[in-house]
Participant: 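My questions all concern the structure below.
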Amino acid sequence: MPELPEVEVIRRGIRPFLTGKSIKKIILSDKKLRHSVSLWDMNRELLGNTIVTVKRRAKYLLCHLDSSALLIFHFGMTGNLGIFPLDAPIAKHDHLRIELHNDTELRFNDTRRFGSIHLLRPEETVDLENTFFKTTGPEPFDAAFNGEYLFNRAKKKTQPLKTFIMTNATVAGIGNIYANESLFAARLSPVRKVNKISLEEWNTLVKEIRRVLQHAIACGGSTISDFVNASQESGYFQMNFKIYGKDGDKCSICSSIIQKQVVGGRASFYCSVCQG
DNA sequence: CAAGTTACCTGACGGC
DNA sequence: TGCCGTCAGGTAACTT
């Protein structure tokens, strides 16, 4: 379930193996992803071109080509990218293989196919923020993401706090796990109505979201479930969750029993004492 | 227009 | 043993 930290870890993991490499061959599986690209379009925009930078925006990974074309990956629930020797066995659910000129291969694997692959032609990449990312909110580490921004955005809404921060238009990259962890760190209840949150509380939440995400990136991304880091070694660092999946356990602050409740259709974990 | 619900997928797991 | 229901959650499309 790659959220922002996991995508960032994948990016850092594969970037050195991709930059400066040109694309020699592309192989697609016959399975459809949530969104995918035809082999014909891939070949036209990618073959013979060189990857110049690997970036991230929200939970998307962006491979910029020297032609200015852009190959974009979203990992959905179970997606992953890795670099392999050409003769490494093909895994079940490998949906895209991009052979590079140095006889290595970038492989996109996605068991549940909630992931997506997008390809933008050079002329489509000039103003990404107003096109592809038109509805995507600020990055959590951007100055634009601050207490005042959240306060103003929330004041006319009645949503639960957790749903609000998981909405990509509010802030990019926060999924269920880090929403739970950030709210616990900020001592805020997931079910609070967002129009009742004070500016001071929003400021605290911004600070805690950044701290939680930064910590997760530093831990190499979480290794929960089927996330595997870019070098394909499962779990080299394990993020220690304080609240996610801990229902029935004692709160690390006050020893009360951690509760589980569905909020906005998603499993939510919280301490009813600390996050009153 | 905001907010809530469902569809898309596979695999792991628990109950019987 | 094996069958079935449930759950996991990112996002878009849908309904209320």
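Letters A, B, ... are given to chains in the order of the sequence lines, protein chains preceding strands, and every chain is numbered from 1.
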Participant: Could A:Glu201 and A:Arg187 be called an ion pair, given the rule that one side-chain N must be under 4.0 Å from one carboxylate O?
Facilitator: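 The answer is no: the pair does not qualify as a salt bridge.
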Participant: Are the charged groups of A:Asp41 and A:Arg44 less than 4.0 angstrom apart, N to O?
Facilitator: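 A:Arg44 and A:Asp41: salt-bridged.
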Participant: For DNA chain B, which residues in residues 151-161 of chain A have a heavy atom at a distance below 4.0 Å?
Facilitator: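 Only A:Lys157, A:Thr158, A:Gln159, A:Pro160 qualify.
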Participant: Describe the nucleic acid contact of A:Arg113 in one word from base, sugar-phosphate, nothing, applying a heavy-atom distance below 4.0 Å.
Facilitator: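 Sugar-phosphate, no base atom in range.
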Participant: Between A:Lys134 and A:Glu129, is the closest basic N to carboxylate O distance under 4.0 Å?
Facilitator: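 Salt bridge: no.
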Participant: Measuring only the P atom in each nucleotide, how far is C:dT6 from B:dT6? A whole number of Å is fine.
Facilitator: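 Straight-line distance between the two P atoms is 14 Å.
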Participant: Touch check for A:Gly265, heavy atoms < 4.0 angstrom, all strands: base, sugar-phosphate only, or nothing?
Facilitator: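 The answer is nothing, as A:Gly265 stays clear of every strand by at least 4.0 Å.
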Participant: Check this one for me: any side-chain N or O of A:His35 less than 4.0 Å away from OP1 or OP2 of C:dT11?
Facilitator: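 So the side-chain polar atoms of A:His35 never come under 4.0 Å of the phosphate oxygens OP1 or OP2 of C:dT11.
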Participant: Counting the benzene-type ring for Trp, do A:Tyr270 and A:Phe184 have ring centres under 6.0 Å apart?
Facilitator: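 Ring centroids of A:Tyr270 and A:Phe184 are no less than 6.0 Å from each other.
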Participant: Phosphate oxygens OP1/OP2 of C:dG10: is one of them under 4.0 Å from a side-chain N or O of A:His74?
Facilitator: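 No, outside the criterion.
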Participant: In whole angstrom, give me the gap between the P atoms of B:dC9 and C:dC14.
Facilitator: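 One P to the other, the span is 15 Å.
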Participant: Below the 4.0 Å mark, does B:dA3 have OP1 or OP2 next to a side-chain nitrogen or oxygen of A:Lys193?
Facilitator: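 Looking at the OP1 and OP2 atoms of B:dA3, neither is under 4.0 Å from any side-chain N or O of A:Lys193.
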Participant: The side chain of A:Thr111 is closest to which nucleotide in this list: C:dA12, B:dC9, B:dG11?
Facilitator: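 Shortest atom-to-atom distance from the side chain points to B:dG11.
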Participant: Is the shortest side-chain N to carboxylate O distance from A:Lys24 to A:Asp103 below 4.0 Å?
Facilitator: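 Between A:Asp103 and A:Lys24 there is a salt bridge, with a charged N closer than 4.0 Å to a carboxylate O.
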Participant: Using the benzene-type ring in the case of Trp, are the ring centres of A:Tyr60 and A:Phe133 under 6.0 Å apart?
Facilitator: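 Yes, the ring centres sit under 6.0 Å apart.
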Participant: Taking only side-chain nitrogens and oxygens of A:Asn168, does any of them come within less than 4.0 Å of OP1 or OP2 of C:dT11?
Facilitator: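 For C:dT11, OP1/OP2 do have a side-chain N/O of A:Asn168 under 4.0 Å.
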Participant: Can you find a donor-acceptor N/O pair under 3.5 angstrom joining the side chain of A:Arg112 to the base of C:dG10?
Facilitator: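 Under the 3.5 Å cut-off, the side chain and the base do not form any donor-acceptor pair.
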Participant: Is A:Lys32 near enough to B:dC8 that one of its side-chain N or O atoms lies under 4.0 angstrom from OP1 or OP2?
Facilitator: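 Checking A:Lys32 against B:dC8: no side-chain N or O falls below 4.0 Å of OP1 or OP2.
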Participant: In this structure, which stretches of DNA chain C are paired as stems of three or more consecutive Watson-Crick or G-U pairs, both distances less than 3.5 Å?
Facilitator: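 DNA chain C forms these stems: B:2-8 with C:10-16, B:10-16 with C:2-8.
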Participant: Sticking with atom P, work out how far B:dT5 lies from C:dC7, rounded to a whole angstrom.
Facilitator: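 These two P atoms come out 15 Å apart once rounded.
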